[in-house]
Protein chains: 2
Amino acid sequence: MPTIKDVARLAGVTVTTVSRVLNNRGYISDATRQKVYQAMEELNYQPNEIARSLHRRKSKLIGLIIPTVSHPFFGELAGFIEYYAHLIGYKVLICNSLLDRKKEKEYIEMLKSNRVDGIIMGSHTLEVEEYMNLNYPIVTFDRRISEEIPYISSDNYGGGKLATHLLIQKGCKKIAHISGNLQLQLLANKRSQAFIELSKEHGIESVIVETELNVFDITQYEAMIRNLLEKHPDIDGVFASSDVMAAYFIQIGYFLNRRIPEDIKIVGYDDIKLASLFVPPLTTIRQPIEEMAKCAVELIVRQVNEEPFERENVFPVELIERLTT
Amino acid sequence: MPTIKDVARLAGVTVTTVSRVLNNRGYISDATRQKVYQAMEELNYQPNEIARSLHRRKSKLIGLIIPTVSHPFFGELAGFIEYYAHLIGYKVLICNSLLDRKKEKEYIEMLKSNRVDGIIMGSHTLEVEEYMNLNYPIVTFDRRISEEIPYISSDNYGGGKLATHLLIQKGCKKIAHISGNLQLQLLANKRSQAFIELSKEHGIESVIVETELNVFDITQYEAMIRNLLEKHPDIDGVFASSDVMAAYFIQIGYFLNRRIPEDIKIVGYDDIKLASLFVPPLTTIRQPIEEMAKCAVELIVRQVNEEPFERENVFPVELIERLTT
DNA sequence: TTGTAGGCGTTATCAC
DNA sequence: GTGATAACGCCTACAA
C-alpha cells in the first residue's frame with residue numbers, strides 16, 4: 001500500500017504538503033494541489049487511518065458489547081447503533097459476550113487496548129463495582145452503574161404495568177411472568193416488579209419463573225415454559241419479558257393445544273420486527289429501539305467531546321395490541 | 001492512559017525491556033521482569049493496540065459487510081463470524097450496507113483505510129468487476145467474483161431441488177417461488193433455477209416472483225405475496241428463498257384463511273433459529289450457518305498468512321421437515 | 001541481560 | 001506557500 005511518502009515523491013513535494021491537501025489545512029497553490037491529487041489518484045492512495053488514530057489519539061471506534069447479535073432484539077439494536085455511528089464517521093466493533101463473565105471482561109480489556117472512543121454495554125454479567133472504575137466513555141443499557149455513567153432503558157416499570165394491566169383487563173384469573181434472570185440488578189427487573197405489584201393489587205394469582213444466571217442458552221426457555229404449564233395448568237395469561245420468549249410460549253401452547261388467545265393470552269416485550277409475523281401476531285410492549293440506539297451513540301460522542309449529557313435516558317414504551325390477547 | 005514509557009520509568013528500565021517482557025522475547029532476568037510486571041500493574045497499563053497495529057502492519061481486524069445484522073440470517077452469521085474471529089484474536093467491524101450501492105462502496109473504502117486484514121462480503125450490490133481489483137484478502141458469500149477470490153455458499157441448487165421436490169412429492173399442483181432479486185449474479189439464484197427445472201420436468205405449473213433490485217425493505221414482501229395470491233389463488237405450494245419470507249407468507253395465509261399445510265404447503269430456506277418457533281413450525285432447507293461462518297474466518301486468515309486455501313466452498317444443505325408441508 | 005536508535009504513517013509546530 | 005522535524009506508542013536490529 002502506498003504511503004504519504006510515495007505520494008509526496010511522485011508529486012515532487014514533501015509529506016507536509018501532501019498532508020495539507022489531505023486535510024485542507026493552510027495555504028496551498030492550486031498547482032501543487034493538483035499535482036498531489038494526481039499522484040494520489042495514480043497510486044490509488046488511501047490515508048492510513050491507523051496512523052491517524054495513533055497521532056490524534058482518537059480511533060473513531062465504538063465498542064459494542066451485547067449477549068449476541070443473533071438475538072433479534074440485539075441484532076436490531078446493533079443495526080441501528082451501527083447506522084447512527086456511521087452517519088457521524090464512527091465504526092462499530094461488535095462483541096458477543098454470550099453472557100459469559102470471562103468473555104465480557106476480556107472484551108472490555110480488548111476494547112480499551114484498542115483505544116475505542118467509547119463502549120456501549122448491553123451485556124451485564126459483572127457486578128456493578130467492576131464497571132465503576134472503568135474510567136472510560138461508556139453507556140449502559142438497562143443498568144444503573146453509578147452517578148456518572150449514563151444509562152439508557154425503556155420505561156420498564158411502565159411497560160410491565162401496561163402488559164399486566166392488559167391481561168387483567170382481559171379477564172385473566174391466573175397470570176404468569178417469564179423472565180431472564182432477576183438476580184442481576186438490571187432495570188429490566190422493574191417489569192417483574194410491576195407485574196407483582198399489579199397482580200397483588202388486583203388480587204390476582206400470579207407466578208414468576210426466570211432463567212438461570214449468566215447463561216445464554218435460549219433452549220432452556222422451552223423446559224422452563226413446559227415446566228410452568230405443567231405445574232400451573234390453569235394459567236390463562238402470560239407476560240413474557242421478551243418477544244423471543246413469547247414465541248417459545250406460543251409454540252408450546254400450539255403443541256399443547258392451548259388456544260391463543262382463547263385459552264391463554266400472551267403479551268411480549270420489545271416488539272422485534274418478527275413479532276408482527278408471529279401466528280397469531282403478538283401483542284407486545286414496544287421499545288423504541290431505533291431512538292435508543294441513536295441515543296447511545298450520541299451519549300458516547302458527547303462524552304468524547306466533553307459535552308454535557310443526560311445521565312438518565314428512559315424511553316417511553318407503547319402497548320402494541322395484536323392478536324394474542 | 002499510561003504508555004510503555006511510563007512503565008519503563010516506574011520500573012527503572014528502558015522501554016526495550018518493557019517491550020521484551022510484554023512480548024516474551026529475549027532474555028530477561030526474573031528480577032527486572034517482576035519489576036516491570038509490578039509497574040504495569042500499578043499503572044494499570046494496557047499496551048496500545050493501535051501503535052502495535054501500525055508497527056506490525058496488521059490490524060487483526062476483519063471487516064464484515066452484510067445487508068444488515070438485524071436480519072435474522074445475517075445476525076446469526078455475524079454472531080458466528082465474530083465468535084470464530086475472537087477465538088483467534090481477531091476483531092470484527094460490522095457494516096450494514098442496507099443493499100445500497102453507495103454505502104457498500106463507502107464501506108469498502110473505509111475498511112481499506114482502516115487497514116483491516118480482510119473483508120468478508122455478504123452484500124453484493126455492485127457489479128462483479130468492481131470487486132475484482134480490490135486487491136485485498138477477501139471472501140465472498142454466495143457470489144463468484146473471479147478465479148482468485150474464494151467464495152462460500154450453501155448448495156443452492158441442491159437446496160432448491162430438495163424444496164421443490166418436497167412440494168411436488170406432497171402433491172402440490174401449482175407451486176410458486178418467492179425470492180430476492182434475481183438480476184444480480186448471485187449463487188442463490190440457483191435455488192430458483194432448480195425450482196424452474198424441476199417443476200418443468202414434472203410438468204407442474206409454477207410461478208416466480210422476486211423483490212426489487214437493491215432495496216432492502218422487507219415491507220415489500222407483504223405486497224409481493226398478497227399480489228401473488230391474488231393473481232394465483234390456486235397456488236398450493238410455495239418455496240420461499242428465506243425463512244423470513246416464509247414467515248410473511250405464513251402470516252398472510254393466516255389472515256387470508258388459507259390453512260397451512262392443508263391448503264398451501266410452504267418451505268423456507270436458511271433454518272434461522274426462529275424457524276422452529278413459527279406456528280406451524282417451518283419446514284425449511286438448513287444452511288450450516290456456523291460452519292460457513294467458521295470457514296469465512298479461516299479463509300481470511302489463510303490469505304493473510306499466505307497459506308493455500310480452497311476457492312470454492314460449497315456447503316451441503318439439509319431438508320428440515322417440520323409442519324408446514 | 002539490557003540499552004540505543006530508527007521506523008511504522010500521520011499530523012503539528014516551527015521555520016524559511 | 002512550502003519544508004524540516006518532532007511527536008503519537010510500540011517494536012526490533014544492533015550494540016554494549
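- Chain B approaches DNA chain D within less than 4.0 angstrom (heavy atoms of the protein), and the contacting nucleotides run 5' to 3' from D:dC8 to D:dC14.
- Rounded to whole Å, atom C1' of C:dG9 lies 13 Å from atom CZ of A:R9.
- In this structure, CE in B:M121 is found 9.5 Å from CG in B:L64, a value given to the nearest 0.5 Å.
- Here B:T32 lies in heavy-atom contact (under 4.0 Å) with sugar-phosphate atoms only.
- Regarding B:N114, its CG atom lies at a distance of 15 Å from the P atom of C:dG9, rounded to whole Å.
- Side-chain atoms of B:T16 lie closest to C:dG3 of the nucleotides C:dG3, C:dT1, C:dG7.
- Atoms NZ (B:K112) and P (C:dG9) sit 16 Å apart, rounded to a whole Å.
- Aromatic ring pairs are classed by plane angle as parallel below 30°, tilted from 30° to 60° and perpendicular above 60°; the pair A:Y131 and A:H124 is perpendicular.
- When all heavy atoms of B:L54 and A:N48 are compared, the closest pair comes out as CD1-ND2, 4.2 Å.
- Contacts of A:L54 with the nucleic acid, taken as non-hydrogen atoms under 4.0 Å apart, include base atoms.
- Put simply, NZ on A:K5 is 7 Å from P on C:dG7, counting in whole angstrom units.
- Atom CG of B:N48 and atom P of C:dC8 are 18 Å apart (whole Å).
- Phosphate contact (OP1/OP2 of C:dG9, side-chain N/O of A:T3, threshold under 4.0 Å): absent.
- In this structure, B:R20 places its CZ atom 9 Å from P of C:dG3, rounding to the nearest Å.
- Heavy atoms of A:R56 sit nowhere under 4.0 angstrom from any nucleic acid atom.
- Residue B:S19 is in base contact, counting any heavy-atom pair closer than 4.0 Å across all strands shown.
- Between the CG atom of A:L22 and the C1' atom of C:dA12 there is a distance of 14 Å, rounded to whole Å.
- To the nearest 0.5 Å, atoms CG (A:L61) and CD1 (A:I119) are separated by 10.5 Å.
- Rounded to the nearest 0.5 Å, atoms CE (A:M1) and OG (B:S113) are 8.0 Å apart.
- Counting only distance, with no hydrogens or angles, the side chain of A:S59 and the backbone of A:R115 share a donor-acceptor pair below 3.5 Å.
- If you measure from atom CZ of B:R52 to atom P of C:dG9, you get 18 Å, rounded to the nearest angstrom.
- Listed for the B:R143 side chain is no donor-acceptor partner under 3.5 Å among the backbone atoms of B:L186.
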